[in-house]
**Student:** 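There's a structure below that I have some questions on.
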Amino acid sequence: EVWSWWQSGSVHRAAWPLQPEIAAVATGPGSDQAVFEAASAVLGEIRKVKSTAQRSMRTEVTRLVVQAPQATLDALAFALDDVTDAGRVVSVPELVVADELSVTAELAEPEAA
């Protein structure tokens with residue numbers, strides 16, 4: 001459906017995009033590299049916590065605290081819903097201004113077998 005909003009023909013018959021085409025979209029009008037970088041960094045830290053705890057990526061995060069410079073928090077705000085959905089964060093994240101990025105994620109207790 002989305003394909004038909006801006007392309008003609010079938011998405012199933014379209015060629016895969018080439019790297020220069022992807023780069024043009026990623027840095028072109030309407031995109032913001034800072035948003036991508038902030039979201040990627042926070043989501044990466046959430047996944048790192050889950051991996052270190054040897055827990056499934058489907059494990060819910062019951063508390064998320066993101067400490068970062070104001071510019072990073074401002075960029076993250078544009079993708080916060082996506083980050084919380086992808087990270088399975090079930091509470092409202094706490095965003096705190098700090099000198100550098102730090103992410104604290106508390107995981108839900110494992111279900112009893």
**Student:** Under a 4.5 Å side-chain heavy-atom rule over Ile, Leu, Val, Met, Phe, Trp and Tyr, are Val42 and Val35 clustered together?
**Tutor:** no
**Student:** Once rounded to the nearest 0.5 Å, what's the spacing between atom CG of Leu95 and atom CD of Gln70?
**Tutor:** 9.0 Å
**Student:** Enumerate the side-chain hydrogen bond (donor to acceptor under 3.5 Å, both in side chains) contacts for residues 83-107, please, sequence neighbours excluded, ordered by first and then second residue.
**Tutor:** Arg63-Glu94, Arg63-Glu106
**Student:** Can you give me the closest heavy-atom contact between Ile46 and Gly87, atom names plus distance?
**Tutor:** CG2-O, 4.0 Å
**Student:** To check you understand the geometry: which heavy-atom pair defines the closest contact between Ala105 and Val61, and what is its length?
**Tutor:** CB-CG1, 4.0 Å
**Student:** Run the numbers on Val83 and Val89 for side-chain contact (heavy atoms from CB on, under 4.5 Å), then give the verdict.
**Tutor:** CA-CA 8 Å; Val83 170; Val89 179; 5.9 Å; no
**Student:** When you measure from the side chain of Thr59 to the backbone N and O of Ser56, does any donor-acceptor pair fall under 3.5 Å?
**Tutor:** yes
**Student:** Measure from the side-chain N and O atoms of Ser51 to the backbone N and O of Arg47, and report whether any donor-acceptor pair falls under 3.5 Å.
**Tutor:** no
**Student:** Can you check side-chain contact (heavy atoms from CB on, under 4.5 Å) on Val66 and Leu80, steps first, answer last?
**Tutor:** CA-CA 11 Å; Val66 179; Leu80 194 56; 6.0 Å; no
**Student:** Less than 4.5 Å apart, any side-chain heavy atom of Leu73 and any of Val96?
**Tutor:** no
**Student:** Identify the heavy atoms of Leu107 and Ala53 that sit nearest to each other, and give their distance.
**Tutor:** CD1-CB, 3.9 Å
**Student:** Heavy atoms only: give me the nearest Val90-Thr62 pair and the separation to one decimal.
**Tutor:** CG2-CA, 3.9 Å
